[in-house]
Amino acid sequence: MIKLSLPHLAGREKEYVDNAVESTWIVPLGPYVDEFERRLDAYLSSGNAVALSAGTAAIHLGLVMAGVKPGDEVICQSLTFSASCNPIVYQGARPVFVDSELSTWNLDPDVLETAILDRRKVTGKLPAAIVPVHLYGMPAAMDMVMAIAGRYGIPVVEDAAEALGSEFDGRKCGTFGQYGALSFNGNKIITTSGGGALICRNGEDAARVRFLATQARENRPYYYHETIGYNYRLSNVSAAIGCAQIEELPERVERRRAIHDLYKNGLADVDGIHVHDNPSSRERSNFWLTTILIDPERISMTPDEIRVALMERGIETRLLWRPMNMQPVFRDAPYYSSDKIFADDKGKKISGVGEWLFNRGLCLPSGSALTDEDVMTVIAVLKEITAG
Ligand SMILES: *Cc1c(COP(=O)(O)O)cnc(C)c1O
């Protein structure tokens, strides 16, 4: 079976975990947590990382730090995984979804500004935060997103869960917003088995996040609380795995990029398959997952039919994230569509760029442990299946 994105061991995980066990640091916090944070800071070369129990927890604390309160609205990219926006609801706030641009598949800056102005008109106040996402590792248009957010004084919580190692204008994703969330879930570019981090802009914010993530316990000899806290810190054992994983991070990112190149070259001559690529020299995706678009004019199978056919041949692929404006649980949330795409290929009205991409897209096996041969197999089988 060729899987979508499996954990890839770096080599020293067992040694570090054994150390953690022998030192009896089997608790949240500990020396490996501190070391993992130092290594993240060094890799990102800006910001202060706080290691947490999940990427979802990181987004949640980013929103708490941004001051999101019950009754607020928060703008979130619609084409994403539900973990980008569930924490908005945890805060008692209301998500407002914004469509994507065709070039990066991420937050469309024009629609973002339209949505901000319209929400101010409808509710009398500005959204409390903006959550852009770097989908599949592709950087969002962070220059424009930050400029628009800055114009209205709205904090940005960047969902960089899929984009560790990606760069926009030479700067690492996760370091643009007031807060940036990373994920180290098992399928991500590096893993701590489960974990995440919130990147803060300064040590003061990071200290506040650490305080909130460890039950908001005030510095007194007894347990004393002035604030609602969370149990969101990363365990020392998980961080031991993370310390081993991060030693190989630059190689892992290069390997995912090399896999993307193999797909790009191998599928270049296939009419009707388009490999999603960096739209300009400003974006440098980590290509966490290589994604393709299937042109229904040229290929008679839907992405899901292709997925099933590949599965029968032992190859795991995945449809794109189904946009949040198409999820029953968010049916009452406001949604702002791009005017770039009004209809699908048969002329049927659709909800925008996100739905158009969802109808055509497929994620290919992209784990850094895949061999060139594995990737060549996927290319060959994909060509065979879609040739009909
Ligand atoms: C994985 C992911 C998350 C959540 O991270 P967890 O560590 O699984 O909680 C959030 N947003 C996006 C876009 C993701 O892919």
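One-based numbering, in listed order, for ligands and for the atoms of each. Values below: every heavy atom of this structure, side chains too, minus hydrogens, waters and symmetry copies. Note that this is a predicted model, so its numbers are computed, not measured.
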Filter the ligand 1-protein atom pairs down to N or O on both sides and distance under 3.5 Å, then list them.
from: ligand 1; atom 1: 5 (O); to: S183; atom 2: OG; distance (Å): 3.3
from: ligand 1; atom 1: 7 (O); to: G55; atom 2: N; distance (Å): 2.8
from: ligand 1; atom 1: 7 (O); to: S183; atom 2: OG; distance (Å): 2.7
from: ligand 1; atom 1: 9 (O); to: G55; atom 2: N; distance (Å): 3.3
from: ligand 1; atom 1: 9 (O); to: T56; atom 2: N; distance (Å): 2.9
from: ligand 1; atom 1: 9 (O); to: T56; atom 2: OG1; distance (Å): 2.5
from: ligand 1; atom 1: 11 (N); to: D159; atom 2: OD1; distance (Å): 3.4
from: ligand 1; atom 1: 11 (N); to: D159; atom 2: OD2; distance (Å): 2.8
from: ligand 1; atom 1: 15 (O); to: E162; atom 2: OE2; distance (Å): 2.5
from: ligand 1; atom 1: 15 (O); to: K188; atom 2: NZ; distance (Å): 3.2

Worksheet item: Rest of the hydrophobic cluster containing Y16 (Ile/Leu/Val/Met/Phe/Trp/Tyr, side-chain heavy atoms under 4.5 Å)?
Response: Y32
Item to complete: Verify the distance criterion only: is there a donor paired with an acceptor across the side chains of R318 and S5 at less than 3.5 Å?
Response: no
Worksheet entry | Remaining members of hydrophobic cluster (4.5 Å side-chain criterion), F330 | V89, F97, M324, V329, Y335
Table please: side-chain donor-acceptor pairs of residues 128-156 below 3.5 Å, with sequence neighbours left out.
from: H134; atom 1: ND1; to: A140; atom 2: N; distance (Å): 2.9
from: H134; atom 1: NE2; to: E158; atom 2: OE2; distance (Å): 2.7
from: Y136; atom 1: OH; to: W321; atom 2: N; distance (Å): 3.0
from: D143; atom 1: OD2; to: R282; atom 2: NH1; distance (Å): 3.2
from: D143; atom 1: OD2; to: R282; atom 2: NH2; distance (Å): 3.0
from: R151; atom 1: NH1; to: E113; atom 2: OE1; distance (Å): 3.0
from: R151; atom 1: NH1; to: E113; atom 2: OE2; distance (Å): 2.6
from: Y152; atom 1: OH; to: E113; atom 2: OE2; distance (Å): 2.7

Item to complete: Look at R39 together with E247 and state whether they make a salt bridge at an N to O cut-off of under 4.0 Å.
Response: yes
Worksheet item: If you group Ile, Leu, Val, Met, Phe, Trp and Tyr by side-chain heavy-atom gaps below 4.5 Å, do I350 and M326 land in one group?
Response: yes
